[in-house]
Amino acid sequence: MTDDSAMKDTLHGRLRRDREALLWKLDGLSEYDARRPLTATGTSLLGLVKHVATVEARYFGEVFARPSPEPLPPWQAHKGEDHWATEHETRERITAFYQRTWAHSDATITSLPLNTPGHVPWWPAPHPNTDLFATLLHVLGETTRHAGHADILRETLDGRTGMRPEYEQPAEEKTRAAHRANLERSARSAAAETGHR
């Protein structure tokens, strides 16, 4: 195995891991909890999945002249509609779109060398010309970032944490509440010592 193929396999493996982690954050949630806004800007768990699916479809599709078979609006028309799920978009539809996107992306990643040139028309000059290596890093970063967001949102909903079911720790409410109270006391004490609240 060449250094390039080992590097690609490692990055691709991390991307696969983080895709699954993001999707798992929907596991066991009600329809309402999966799509309700959980931040001041309206971020929802299902919206994160839809957004990352769209990002991945664009980067491993049109950037390498391998358009996604999924219907995507032109990037120029993008107004953030991929950040939330409409009332008519089912969870199954969005998660199936994400999984079909994986298959298309995996075919692009597997079949092209890391130095394959790509073009990202939505990146400002002088940066739109790139390659598969930089694109893979970019999409991995996006996926990891949003999986982290999803982890915090899910913990806020019902206390569930972790990257995969086998790493999930049972929620012991009394222990967690005591730990949080201890951290709150420590934060208040530090603020009082510095005179900044």
Novice: Applying salt bridge (Lys or Arg N to Asp or Glu O under 4.0 Å) to Arg16 and Glu20, what does each step give before you reach the verdict?
Specialist: CA-CA 6 Å; Arg16 287 181 170 122; Glu20 294 284 355; over 6 Å; no

Novice: Please check if the side chain of Thr95 supplies one atom and the backbone of Arg91 the other of a donor-acceptor pair under 3.5 Å.
Specialist: yes

Novice: Please identify each residue that fulfils side chain to side chain contact (heavy atoms under 4.5 Å, CB included) with Ser111, with sequence neighbours left out.
Specialist: Arg66

Novice: Nearest 0.5 Å, please: how far is CG in Leu132 from CG in Asp4?
Specialist: 10.5 Å

Novice: Please answer whether the main-chain N or O of Gly148 pairs with a side-chain N or O of Lys25 as donor and acceptor at a distance below 3.5 Å.
Specialist: no

Novice: How long is the gap from CD1 on Ile152 to OG1 on Thr43, to the nearest 0.5 Å?
Specialist: 11.0 Å

Novice: Does Ser186 reach the main-chain N or O of Asn182 with its side chain, forming a donor-acceptor pair under 3.5 Å?
Specialist: no

Novice: Kindly write out the residues that satisfy salt bridge (charged side-chain N to carboxylate O under 4.0 Å, His left out) with Glu87, not counting sequence neighbours, or none if the list is empty.
Specialist: none

Novice: Can you tell me how far the CZ atom of Arg160 sits from the CG atom of Asp27, to the nearest 0.5 Å?
Specialist: 5.0 Å

Novice: Taking all heavy atoms of Pro67 and all of His104, pick out the closest pair and write down the distance.
Specialist: O-NE2, 3.4 Å

Novice: Over all heavy atoms of both residues, which pair between Asn129 and His119 is shortest? Give the atoms and the distance, please.
Specialist: OD1-ND1, 2.9 Å

Novice: Run Asp131 and Leu114 through side chain to side chain contact (heavy atoms under 4.5 Å, CB included) and show every step you take.
Specialist: CA-CA 7 Å; Asp131 60 21; Leu114 284 177; over 6 Å; no

Novice: In the hydrophobic cluster built from side-chain contacts under 4.5 Å, what are the other members alongside Trp84?
Specialist: none

Novice: My understanding is that only residues two or more places apart in sequence, or in another chain, count here; which of them pass salt bridge (charged side-chain N to carboxylate O under 4.0 Å, His left out) with Asp33?
Specialist: Arg36

Novice: At their closest point, which heavy atom of Gly42 faces which heavy atom of Pro37, and how far apart are they?
Specialist: CA-CB, 3.7 Å

Novice: For a 4.5 angstrom cut-off between non-hydrogen side-chain atoms, does Arg58 reach Ser68?
Specialist: no

Novice: Under 4.0 Å between a side-chain nitrogen and a carboxylate oxygen: does that hold for Lys50 and Glu89?
Specialist: yes

Novice: Show your working on side chain to side chain contact (heavy atoms under 4.5 Å, CB included) between Phe60 and Leu112 and close with a plain yes or no.
Specialist: CA-CA 11 Å; Phe60 292 121; Leu112 301 178; over 6 Å; no

Novice: Say you draw a straight line from CZ of Arg188 to CZ of Arg185; how long is it, rounded to the nearest 0.5 Å?
Specialist: 11.0 Å

Novice: Is the backbone of Gly141 close enough, under 3.5 Å, to the side chain of Thr144 for a donor and an acceptor to pair up by distance?
Specialist: no

Novice: Which pair of non-hydrogen atoms, one from Phe64 and one from Pro117, has the smallest distance, and what is that distance?
Specialist: CD2-O, 3.5 Å

Novice: Checking Val55 now: which residues fulfil side chain to side chain contact (heavy atoms under 4.5 Å, CB included) with it, not counting sequence neighbours?
Specialist: His51, Tyr59, Glu142

Novice: Just so I know, are the side chains of Leu140 and His12 near enough to count as touching, which here means a heavy-atom distance under 4.5 Å?
Specialist: no

Novice: Among Asp158, Thr156, Asp151, whose side chain to side chain donor-acceptor pair (under 3.5 Å) with Arg154 holds?
Specialist: Asp158

Novice: Indicate yes or no: does Asp106 engage Arg19 in a salt bridge with an N to O separation below 4.0 Å.
Specialist: yes

Novice: After noting the C-alpha distance and the side-chain angles of Leu11 and Phe133, does the key distance pass the side chain to side chain contact (heavy atoms under 4.5 Å, CB included) rule?
Specialist: CA-CA 9 Å; Leu11 293 173; Phe133 175 68; 3.8 Å; yes

Novice: If you link ILVMFWY side chains whenever their heavy atoms are less than 4.5 Å apart, which other residues fall into the same cluster as Leu23? By chain and number, please.
Specialist: Leu22, Leu26, Leu29, Leu38, Leu45, Leu46, Leu48, Val49, Val52, Ile94, Tyr98, Trp102, Leu153, Leu157

Novice: Atom CD in Gln99, atom CD in Glu92: separation rounded to 0.5 Å?
Specialist: 11.0 Å

Novice: Compare every heavy atom of Ser105 with every heavy atom of Glu56, then report the nearest pair and how far apart it is.
Specialist: OE2-OG, 2.9 Å

Novice: Indicate if Trp123 and Leu72 have the same hydrophobic cluster label, given that clusters are the connected sets of ILVMFWY residues with side-chain heavy-atom separations under 4.5 angstrom.
Specialist: no

Novice: Once rounded to the nearest 0.5 Å, what's the spacing between atom OG1 of Thr143 and atom CZ of Arg14?
Specialist: 13.5 Å

